[in-house]
Amino acid sequence: MSVRPEQLSATEAVRRLRDGTLTAEALTAVCLERIAARKEIGAWVALDPDHALTQARAADRAGRPGLLAGVPLGVKDIIDTADLPTEYGSPIYRGNRPPADAACVSLTRAAGGVILGKTVTTELANRHPRGTVNPHNLAHTPGGSSSGSAAAVADFQVPIAFGTQTAGSVIRPAAYCGVIGYKPTFGHFSPGGIKLQSHSLDTLGVLCRSLEDGALMRGVLLGAPVRPPDRETAAPRIAVCRTPVWADADAATQALIERTADHLSAKGASVRELVFPAPFERILETHGRVMDFEAARNYAFEYDTRFSDLSPDLRDGALARGRALSFDEYVEAMEAAETFRRFTDEQFAKV
């Protein structure tokens, strides 16, 4: 049974775009049709179908050049676009039109990508939701803060989309929606043109439907060779880590992780336990301290001048906590975080 164009991964779409069995205009059109048919998902905050199709026709006329060859992408709405509004999920920025594209958007266009539209983010990429639902169960959350990007990719509305992560905002919605979340090493992808919450933690990421798509976007954003995952050299090396909050997970979550580890092992993966040393009992507190302290400063304008337009979730939560922290407490957390990073870097030499 043939796969419909909107169900193709980005890598598969590029292959068909290059061999001429698919056009960028046709792929963009079916994505737009899917979005119109599934409005209840609420994945998009800004769409200009005519402009998207204009970009796609231009890619076709040019011979579909670049690594992306006319593939459409979604862009999380804390990432600046010069030709679409960027509202950061906040009424404070309603109608905001940035003067320039973010670095990742510019690089995407240069690689032949079509910017389909802006996907929903939680308020300022924090916790307050903005109406997107999980495409597999409309009564469930898609996860945040990259909620629209994950839901759109999972629902075949776009093959690939940008997200960002401060705590779990790429990998969480990817897991909730059943797609792949690629959160790269901090600092690999440029944050230029992204509304930052925590400059020590924020990372640009990718939501997609295949591991090859992550490799493709790495090539687009770094100018590096596209190296698909190597499935032949050795079996995957997986660590199962029961974190300091393992006991807080409900039984169904714990059982799912256990079953997944057993399934991977049965398929030939090397699976071992990873036990955190005692200092890691404070890792979530440390992360929260860094995130809140920096968010309180990065969102100083919003807090000081548009206080009433912030949700209670944000202003009375992260921003209030961040303002209550002393500089010494922040420095202590940063030093602890570096210790945690060194330990995890050592583990990634093994798994």
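All values below come from the heavy atoms of this structure, side chains included, with hydrogens, waters and symmetry mates left out.
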Exercise. Does K76 count as lying over the ring of F162, i.e. NZ or CZ under 6.0 Å from the six-ring centre, within 45 degrees of the axis?
Worked result: no
For this session: Mark yes or no for whether S198, through its side chain, and M291, through its backbone, hold a donor-acceptor pair below 3.5 Å.
Result: no
Exercise. Is the shortest side-chain N to carboxylate O distance from R38 to D155 below 4.0 Å?
Worked result: yes
Seminar exercise, completed: For L196 and N298, the nearest pair of non-hydrogen atoms, with its separation, is O-CB, 3.5 Å
Exercise. Salt bridge between D345 and R341, side-chain N to carboxylate O under 4.0 Å?
Worked result: no
Problem set entry | Within-4.5 Å side-chain heavy-atom neighbours: V331 and M334 | no
Problem set entry | From CA spacing to verdict: side-chain contact (heavy atoms from CB on, under 4.5 Å), R130, V45 | CA-CA 9 Å; R130 307 297 295 180; V45 69; over 6 Å; no
Problem set entry | E123 (side chain) donor-acceptor with S311 (main chain) under 3.5 angstrom | yes
For this session: Run the numbers on R57 and D50 for salt bridge (charged side-chain N to carboxylate O under 4.0 Å, His left out), then give the verdict.
Result: CA-CA 10 Å; R57 293 184 192 111; D50 290 340; over 6 Å; no
Problem set entry | Atom of L27, atom of P72 and distance for their closest heavy-atom approach | CD2-CD, 3.5 Å
For this session: Using a strict cut-off of less than 4.0 Å between a Lys/Arg side-chain nitrogen and an Asp/Glu carboxylate oxygen, indicate whether R231 and E212 qualify as a salt bridge.
Result: yes
Exercise. Hey, does the side chain of D213 reach the backbone of C208 with a donor-acceptor pair shorter than 3.5 angstrom?
Worked result: no
Exercise. Of all heavy-atom pairs between P244 and F276, which one has the smallest distance, and what is that distance?
Worked result: CD-CD1, 3.8 Å
For this session: Test side chain to side chain donor-acceptor pair (under 3.5 Å) on S265 and D262 and set out the steps.
Result: CA-CA 5 Å; S265 181; D262 291 343; over 6 Å; no
For this session: Say whether, by atom type as modelled, one donor and one acceptor occur between the side chain of Q165 and the main chain of T203 under 3.5 angstrom.
Result: no
Exercise. Does A249 offer a backbone N or O that forms a donor-acceptor pair with the side chain of T253 under 3.5 Å?
Worked result: no
For this session: Output, in order, the C-alpha distance, side-chain angles, deciding distance and verdict of side chain to side chain donor-acceptor pair (under 3.5 Å) for E25 and T28.
Result: CA-CA 5 Å; E25 180 178 4; T28 301; over 6 Å; no
Seminar exercise, completed: Looking only at heavy atoms, the pair that brings A59 and P65 closest together is O-CD, 4.0 Å
Exercise. Any side-chain heavy atom of R242 sitting closer than 4.5 Å to one from E258?
Worked result: yes
Problem set entry | Partners meeting side chain to side chain donor-acceptor pair (under 3.5 Å) with E33 (sequence neighbours left out) | none
For this session: I would like to know whether V75 and V105 meet side-chain contact (heavy atoms from CB on, under 4.5 Å); could you show each step before the answer?
Result: CA-CA 8 Å; V75 178; V105 174; 4.0 Å; yes
Problem set entry | Validation row: L68, L216 side chains within 4.5 angstrom (heavy atoms) | yes
For this session: Could you tell me which non-hydrogen atom of W44 sits nearest to which non-hydrogen atom of L47, and how far apart they are?
Result: CE3-CD2, 3.8 Å
Seminar exercise, completed: The side-chain hydrogen bond (donor to acceptor under 3.5 Å, both in side chains) partner of Y330 among E294, R289, E335 is E294
For this session: Consider only side-chain heavy atoms of I, L, V, M, F, W and Y, link residues closer than 4.5 Å, and tell whether L67 and L207 are in one cluster.
Result: no
Exercise. Does F280 have R282 sitting over its ring (NZ/CZ under 6.0 Å from centre, angle to axis within 45°)?
Worked result: no
Problem set entry | Side chain proximity check, T185 to H188, heavy atoms < 4.5 angstrom | yes
For this session: May I ask you to decide whether K118 forms a salt bridge with D83, counting only side-chain N to carboxylate O separations under 4.0 Å?
Result: no
Problem set entry | Donor-acceptor under 3.5 Å (T86 side chain, T81 main chain) | yes
Exercise. Could R4 and F156 be counted as a cation-pi pair, given that NZ or CZ must be under 6.0 Å from the ring centre and within 45° of the axis?
Worked result: no
Exercise. Is a side-chain donor or acceptor of H136 paired with a backbone partner of Y176 at a separation under 3.5 angstrom?
Worked result: no
Problem set entry | Check against side-chain contact (heavy atoms from CB on, under 4.5 Å), V271 and V240 | CA-CA 7 Å; V271 180; V240 178; 3.7 Å; yes
Exercise. Taking S146 for the side chain and S149 for the main chain, is one N or O donor matched with an acceptor at less than 3.5 Å?
Worked result: no
Problem set entry | Flag, side chain of R272 to backbone of I238, donor-acceptor distance under 3.5 Å | no
For this session: Using a 4.5 Å cut-off on heavy atoms from C-beta on, say whether the side chain of K195 contacts that of L124.
Result: yes
Problem set entry | side chain to side chain donor-acceptor pair (under 3.5 Å) evaluation trace for N134 with H140 | CA-CA 5 Å; N134 192 306; H140 288 190; 5.8 Å; no
Problem set entry | Exercise: identify the closest heavy-atom pair between Q197 and Y299 | CB-OH, 3.2 Å
Problem set entry | Side-chain ion pair, E12 and R16, N-O less than 4.0 Å | no
Problem set entry | CG-CG distance between L53 and L32, expressed to the nearest 0.5 angstrom | 5.5 Å
Problem set entry | Parallel, tilted or perpendicular: ring planes of F327 versus F293, cut at 30 and 60 degrees | tilted
Exercise. Between the main-chain N or O of T121 and the side-chain N or O of D77, is there a donor-acceptor pair closer than 3.5 Å?
Worked result: no
